[in-house]
Amino acid sequence: MKVTRYDLIVIGAGPAGLSAAIEAAKKGVKPIVFDENAKPGGQLFKQIHKFFGSKEHKAKIRGFKIGEDLLKEAEEYGVEVVLNATVVGLYSEKEVVVKIGEEVKHFKGDAVLVATGAAENMVNFPGWTLPGVIGAGAAQTMMNLHHIKPGERVLMLGSGNVGLVVSFQLMQSGCEVVALADAAPRIGGYGVHAAKVARTGVPFYLSHTIKEVEGTDRVTGVTIAQVDSHFQFIPGTEKHFDVDTVCVAVGLSPMAQLLKMCGVEMVDTRGGFIPKCDDTGATSIPGVYAAGDVAGIEEASSAMIEGRMSGAAIATYLGYMTEEEKTERIAELEKALGSLRKGMFAPENRGKLIEKTDEGIDISMNLLEKGYVADEEIARFPGVTKRRKVHPVMECTQNIPCNPCQDACKKGCITIGDNITSLPIVDPSVDCINCGMCVASCSGQAIFLVEEEVEPGLGEVTMPYEFLPLPKEGDKGMGLGRDGREIVEVTVSRVRTSPAYDHTNLLTVKVPMEHLDAVRFYRPIA
């Protein structure tokens with residue numbers, strides 16, 4: 001039996017696997033990467049939204065562009081990527097068995113990194129096997145990779161970041177999202193993601209879950225009902241929706257089967273079985289590493305940094321880096337990773353109700369329970385100000401790791417400070433020049449430009465807009481509030497597009513002065 005040997009075998013060509021291979025290759029390691037898919041890049045190419053974090057985390061860059069850059073870097077450093085290659089076996093001697101086409105081949109690595117990611121969870125309810133019940137990740141694949149609408153009328157189950165992001169992308173693809181339900185009593189994902197969904201008019205039903213999906217050979221409807229504190233249905237609270245698609249976004253489970261197969265010590269966590277490993281991904285078997293979601297579910301930004309850490313550790317294990325070089329590089333990467341793990345959504349805060357921001361401001365309970373900050377709550381946050389001249393209004397109300405707005409404002413009008421989880425503030429001594437870069441750069445689409453009295457009785461609101469077809473100057477539409485309710489008819493006064501905005505269009509509408517602080521979305525009049 002022929003066995004081919006490599007310095008490093010990486011299983012999984014997603015953000016963690018590619019990052020690890022690149023980091024190791026930079027030091028002279030010869031890696032090979034196997035992936036069962038037809039295209040490399042993993043989840044990155046499904047992610048058309050802009051990333052959070054800072055410049056070092058590739059903030060305000062869309063996921064698929066990060067994927068393209070990662071592939072280019074892998075090619076530059078000679079990383080060999082083999083696609084349509086399913087790893088069917090991993091053994092303690094670091095032997096890897098791979099099915100490539102119709103052939104089964106054997107490889108041995110001096111080191112092996114497992115970066116197989118995670119699989120979508122599913123919940124059982126009457127009708128859950130009907131065509132039309134799909135995972136949110138599958139919907140993303142259909143839309144963003146294959147340009148296929150998953151359905152016409154969709155109900156989303158799950159209010160974590162995946163459920164919120166995919167709900168927005170469903171609407172961008174032309175689907176109608178009739179509702180977003182979650183058995184939990186509070187929104188699980190970032191408030192800015194929830195807010196951009198809520199202001200389009202999608203209702204949120206927290207403490208609700210699916211009771212039944214109707215249909216014979218396909219989905220034709222869905223009934224949800226409220227649940228009590230023990231997650232039991234409350235009679236008489238049923239709500240029915242005519243839909244052809246039900247999307248399920250109820251979390252992910254690490255795909256750690258290969259690690260278990262080769263004898264790595266495993267840990268049973270609430271998020272599934274994961275390998276017991278150190279900060280660099282080193283497992284209980286010398287030379288076997290794990291990085292990314294297979295070692296614990298986090299964002300893709302974290303997975304890429306974890307991959308780099310594993311790559312540096314592997315290069316040291318194989319003798320291509322000194323311990324001193326490794327220590328220095330790991331410290332640099334740990335600092336970048338640590339900044340992503342701060343704030344309200346830090347790992348230690350999962351499942352906890354955070355009632356105040358780091359600045360001591362009361363969190364909007366309306367946001368957590370209904371998906372939007374109430375009009376009477378919004379003014380207490382430091383980014384929401386009133387001025388006669390045009391100025392940014394930043395409806396960022398949670399401590400999340402993100403600061404592109406500060407970098408985007410070349411005049412220094414916006415300040416976050418050294419801690420990227422701090423709430424943004426507007427410097428009253430600096431005049432805004434209405435360039436719109438802050439609006440376009442905000443990964444959460446939570447920044448608006450507001451100007452009073454552009455003409456008698458009217459002001460202007462500039463908002464991020466990522467829907468097609470683009471409105472034109474002079475078009476009439478409805479101005480919607482934070483809760484998605486129609487408030488007043490508005491007129492489009494300007495539409496700005498620019499390569500610098502990276503496909504986030506700036507839509508400016510004229511609004512009666514009494515509604516200037518409430519209108520936050522535009523809906524064309526059919």
(message) Assess whether a salt bridge exists between D502 and R62, defined as any Lys/Arg side-chain N lying under 4.0 Å from an Asp/Glu carboxylate O.
(response) yes

(request) For the residue pair T504 and E466, confirm or rule out a side-chain donor-acceptor distance under 3.5 Å. (result) yes

(request) Could you tell me whether R482 and D375 have a side-chain N and a carboxylate O separated by less than 4.0 Å? (result) yes

(message) Does either side chain, that of N144 or that of Q169, offer a donor lying less than 3.5 Å from an acceptor on the other one?
(response) yes

(message) Determine whether a donor-acceptor pair (N or O, by modelled atom type, separation under 3.5 Å) exists between the side chain of K50 and the backbone of A440.
(response) yes

(message) Atom NZ of residue position K260 - does it have more than 12 heavy atoms of other residues, nucleotides or ligands inside 6.0 Å?
(response) no

(message) Using side-chain heavy atoms (C-beta onward) and a distance below 4.5 Å, is V519 in contact with V488?
(response) yes

(message) I'd like to know if the side chain of D35 and the backbone of A13 have a donor-acceptor N/O pair within less than 3.5 Å.
(response) yes

(request) Go through the side-chain N and O atoms of D182 and S159 and say whether any donor and acceptor fall under 3.5 Å apart. (result) yes

(message) Does any part of the side chain of N84, heavy atoms only, come nearer than 4.5 Å to the side chain of N37, both counted from C-beta?
(response) no

(request) Taking only Lys NZ, Arg NE, NH1 and NH2, and the carboxylate oxygens of Asp or Glu, determine whether R523 and E486 approach each other closer than 4.0 Å. (result) yes

(message) Please determine whether a side-chain nitrogen of the Lys or Arg among R341 and E298 lies less than 4.0 Å from a carboxylate oxygen of the Asp or Glu.
(response) yes

(request) Determine yes or no for a side-chain-to-main-chain donor-acceptor pair under 3.5 angstrom, with D244 supplying the side chain and V219 the backbone. (result) no

(request) May I ask you to test the Y501-L506 pair for a side-chain heavy-atom distance under 4.5 Å? (result) yes

(request) Can you see which heavy atom on V87 is nearest to which on V96, and at what distance? (result) CG1-CG1, 3.6 Å

(request) Answer yes when D362 and K356 have at least one side-chain N-carboxylate O distance shorter than 4.0 Å, and no when they do not. (result) yes

(message) Rounded to the nearest 0.5 Å, what separates atom CD in E355 from atom CE in M344?
(response) 10.5 Å

(message) With heavy-atom distances below 4.5 Å as the criterion, would you say the side chains of T421 and N403 are in contact?
(response) no

(message) Is it the case that atom NZ in K370 sees more than 12 heavy atoms from other parts of the structure closer than 6.0 Å?
(response) no

(message) Does R485, at its CZ atom, have more than 12 non-hydrogen atoms belonging to other residues, nucleotides or ligands within less than 6.0 Å?
(response) no

(request) Flag the pair R494 and E473 as a salt bridge only when some basic side-chain nitrogen lies within less than 4.0 angstrom of an acidic carboxylate oxygen. (result) no

(message) For S173 versus M143, what's the shortest heavy-atom pair and its separation?
(response) OG-SD, 3.4 Å

(request) State, yes or no, whether a side-chain contact exists between F233 and T209 at a heavy-atom distance under 4.5 Å. (result) yes

(message) Working to the nearest 0.5 angstrom, can you tell me the gap between Q47 CD and I61 CD1?
(response) 13.5 Å

(message) What I want to check is whether the side chains of S493 and E460 have a donor and an acceptor closer together than 3.5 Å.
(response) yes

(message) Both conditions, 6.0 Å and 45 degrees, for the charged tip of R520 above the ring of F448: are they met here?
(response) yes

(request) Determine yes or no for a side-chain-to-main-chain donor-acceptor pair under 3.5 angstrom, with K105 supplying the side chain and K99 the backbone. (result) no

(message) Has E214 got a side-chain atom pairing as donor or acceptor with V222's backbone, closer than 3.5 angstrom?
(response) yes

(request) Kindly confirm or rule out a cation-pi arrangement of K196 over F168, judged by NZ or CZ under 6.0 Å from the six-membered ring centre and within 45° of its axis? (result) yes

(message) Can you give me the closest heavy-atom contact between G215 and L130, atom names plus distance?
(response) O-CD1, 3.7 Å

(request) Enter the distance from I66:CD1 to F64:CZ here, rounded to the nearest 0.5 Å. (result) 10.0 Å

(message) What verdict does the side chain to side chain donor-acceptor pair (under 3.5 Å) test give for S364 and E377, after you've listed the backbone C-alpha separation in whole Å, the side-chain angles of each residue and the deciding distance to 0.1 Å?
(response) CA-CA 7 Å; S364 165; E377 296 175 315; 2.6 Å; yes

(message) Under the rule for side chain to side chain contact (heavy atoms under 4.5 Å, CB included), what residues qualify as partners of D228, not counting sequence neighbours?
(response) H230, Q232, I234

(request) List for me each residue that meets ring-ring contact (aromatic ring centres under 6.0 Å, His included) alongside F52, sequence neighbours excluded, and say none if there are none. (result) Y190, H193

(message) Ring of F45, cation from K39 - is the NZ or CZ under 6.0 Å from the centre and inside 45° of the axis?
(response) no

(request) State, yes or no, whether a side-chain contact exists between M122 and W128 at a heavy-atom distance under 4.5 Å. (result) yes

(message) With a 3.5 Å distance limit and no angle check, can you tell me whether E120 reaches the backbone of A136 through a side-chain donor-acceptor pair?
(response) yes

(request) Assess whether atom CD of E103 is packed by more than 12 heavy atoms of other residues, nucleotides or ligands within 6.0 Å. (result) no

(message) Checking side-chain polar atoms at under 3.5 Å, does S253 have a donor or acceptor matched by the opposite partner on N121?
(response) yes

(message) Checking T223 against E212: is there a side-chain donor and acceptor pair closer than 3.5 Å?
(response) no

(request) Compare all side-chain heavy atoms of I525 with those of K476 and state whether any distance is below 4.5 angstrom. (result) yes

(request) Mark yes when over 12 heavy atoms from residues, nucleotides or ligands other than H240 sit less than 6.0 Å from its NE2; otherwise mark no. (result) yes

